[in-house]
Amino acid sequence: MPRRFADKVALVTGAATGIGRATALAFAAEGARVVVADIAAEGATTVADIRAVGGSAIYVRCDVAEPADVAAMVEAAVRFGGRIDCAFNNAGIEGVRAPLATQPDDAWARVLAVNLSGVRHCLKHELAHMLARGGGGAIVNCASILGVVAYADASAYVAAKHGVVGLTRAAALEVAARGIRVNAVCPAFIETPMLARAGVLDDPTARAAAETLHPISRLGRAEEIAAATLFLCSEEASFVTGHALLADGGYVSR
């Protein structure tokens, strides 16, 4: 079977663990050379796993909340691959859950800095590169079901992810005529370290409660979000841009 991303270069942020790691591995399995970006040094493990099966990848340390880091990341990606064909702007944090009336200002600021401004910084530099080389390319931003609906005591995360969906649509309009597609993927509750930190995976009662939120009656898998992301980056989605794809087990329909 032909590999959809043979001879392509893919950039994935937040690729040390969870959805980002699964997506980096999926891109590599489909033939892409992969730039694994993360603030955590465990990104090097993702690279080692790609190389162990004959793939090509590099690790770049990047805090997406820092514009200079993002500019350097994109420069490193272009040095490595000669170009960027696909990007998955996935890096994000869950933040501190608290009612808005008592939410610490610094907690709000950090979630917005990473989850929204971080996506903006990535888009800015990725698009600048794609436009400078004459256009063409595909970008997917990781939003969330909370970019479409809301959740109590998570105002910063909800605001940031709603912002990602709006930013995705605005960017898509700006570059559509240049052959660059910009979409978002909106996961529900996925079995990742983020959900583990929330105490959901190891607590049978909490896990069961999370599973029942999805009409499909289970949590999602990181590999399922990776598959949705690769579809949006592929030629199979060549007429899709400005779209926020729900990968949510029916959560929003419920």
Donor-acceptor pairs are to be reported for all side-chain atoms of residues 24-35 against protein atoms at under 3.5 Å, with residues two or more places apart or in another chain.
residue: Glu30; atom: OE1; partner: Arg4; partner atom: N; Å: 3.0
residue: Glu30; atom: OE2; partner: Arg4; partner atom: NE; Å: 3.2
residue: Glu30; atom: OE2; partner: Arg4; partner atom: NH2; Å: 2.9

Spacing of CG belonging to Leu11 relative to SG belonging to Cys122, to within rounding of 0.5 Å: 7.0 Å

Rounded distance [0.5 Å steps], CZ in Arg254 versus CD1 in Ile216: 14.0 Å

Single-linkage hydrophobic cluster Ile84~Leu127, side-chain heavy atoms < 4.5 angstrom: yes

Side chain to side chain contact (heavy atoms under 4.5 Å, CB included) involving Ser117 - partner list, sequence neighbours excluded: His121

Polar side-chain atom of Asn90 near backbone of Thr13 as donor-acceptor pair, under 3.5 Å: yes

Inter-residue atom distance Tyr251.OH - Leu246.CG, 0.5 Å rounding: 11.5 Å

Sequence neighbours excluded, every pair satisfying salt bridge (charged side-chain N to carboxylate O under 4.0 Å, His left out) that has a member inside residues 34-56: Arg21-Asp49

Exercise: identify the closest heavy-atom pair between Ala91 and Gly14: CB-N, 3.7 Å

Contacts of type side-chain hydrogen bond (donor to acceptor under 3.5 Å, both in side chains), residue Glu94, not counting sequence neighbours: Arg197

Check: Gly95 main-chain N/O paired with Arg110 side-chain donor or acceptor under 3.5 Å: no

For Ile190 against Ala222, the heavy-atom pair lying closest together: CG2-N, 3.5 Å

Exercise: identify the closest heavy-atom pair between Gly199 and Ala206: O-CB, 4.0 Å

Cluster link Leu195 to Leu213, ILVMFWY, side chain under 4.5 Å: yes

Value rounded to 0.5 Å, distance of OG1 in Thr102 from CG in Asp153: 8.0 Å

Val12 reachable from Val119 in the ILVMFWY side-chain graph, under 4.5 Å edges: no

Co-members of Phe239 in a cluster of I, L, V, M, F, W and Y side chains, linked at under 4.5 Å: none

Contact list for residues 219-230, test salt bridge (charged side-chain N to carboxylate O under 4.0 Å, His left out), sequence neighbours left out: Arg218-Glu224, Arg221-Glu224

Within-4.5 Å side-chain heavy-atom neighbours: Ile145 and Tyr151: no

When the side chains of residues 60-82 are checked against the rest of the protein, which donor-acceptor pairs come out under 3.5 Å, sequence neighbours left out?
residue: Asp63; atom: OD1; partner: Ala65; partner atom: N; Å: 3.0
residue: Asp69; atom: OD2; partner: Asp63; partner atom: N; Å: 3.0

Atom of Cys86, atom of Met130 and distance for their closest heavy-atom approach: N-CE, 4.5 Å

Close side-chain approach of Ile93 to Val111, heavy-atom, < 4.5 Å: yes

OG1-CD1 distance between Thr229 and Ile139, expressed to the nearest 0.5 angstrom: 13.0 Å

Minimum heavy-atom distance Ala244-Cys186, with the two atoms named: CB-SG, 3.9 Å

Any Val96 side-chain heavy atom under 4.5 Å of Gln103 side chain: no

Residue list, side-chain hydrogen bond (donor to acceptor under 3.5 Å, both in side chains) with Arg207, at least two apart or on another chain: Glu191, Glu211

N/O donor to acceptor pairs below 3.5 angstrom from side-chain atoms of residues 157-166, sequence neighbours left out:
residue: Lys161; atom: NZ; partner: Cys142; partner atom: O; Å: 3.0
residue: His162; atom: ND1; partner: Leu146; partner atom: O; Å: 2.9
residue: His162; atom: ND1; partner: Val158; partner atom: O; Å: 3.1

CG on Leu167 to CG on Leu123, rounded to 0.5 Å: 5.0 Å

side-chain hydrogen bond (donor to acceptor under 3.5 Å, both in side chains) contacts touching residues 127-141 (sequence neighbours left out): Asp85-Arg133, Asn89-Asn141, Asn141-Thr168

Pair listing, salt bridge (charged side-chain N to carboxylate O under 4.0 Å, His left out) test, anchored in residues 178-187, at least two apart: none

Any donor-acceptor N/O pair, Asn183 side chain to Val240 backbone, under 3.5 Å: yes

Verify same cluster id: Val114, Leu112 (apolar side-chain graph, 4.5 Å): yes

Val200 side chain near Phe189 side chain, heavy-atom distance below 4.5 Å: no

Whichever hydrophobic residues join Val53 through chains of side-chain contacts under 4.5 Å: none

Cluster check Val140, Ile180: I/L/V/M/F/W/Y, side chain < 4.5 angstrom: no

Minimum heavy-atom distance between Val182 and Thr241, given as atom pair plus value: N-OG1, 3.0 Å

Ala15 backbone acceptor or donor facing Thr46 side chain under 3.5 Å: yes

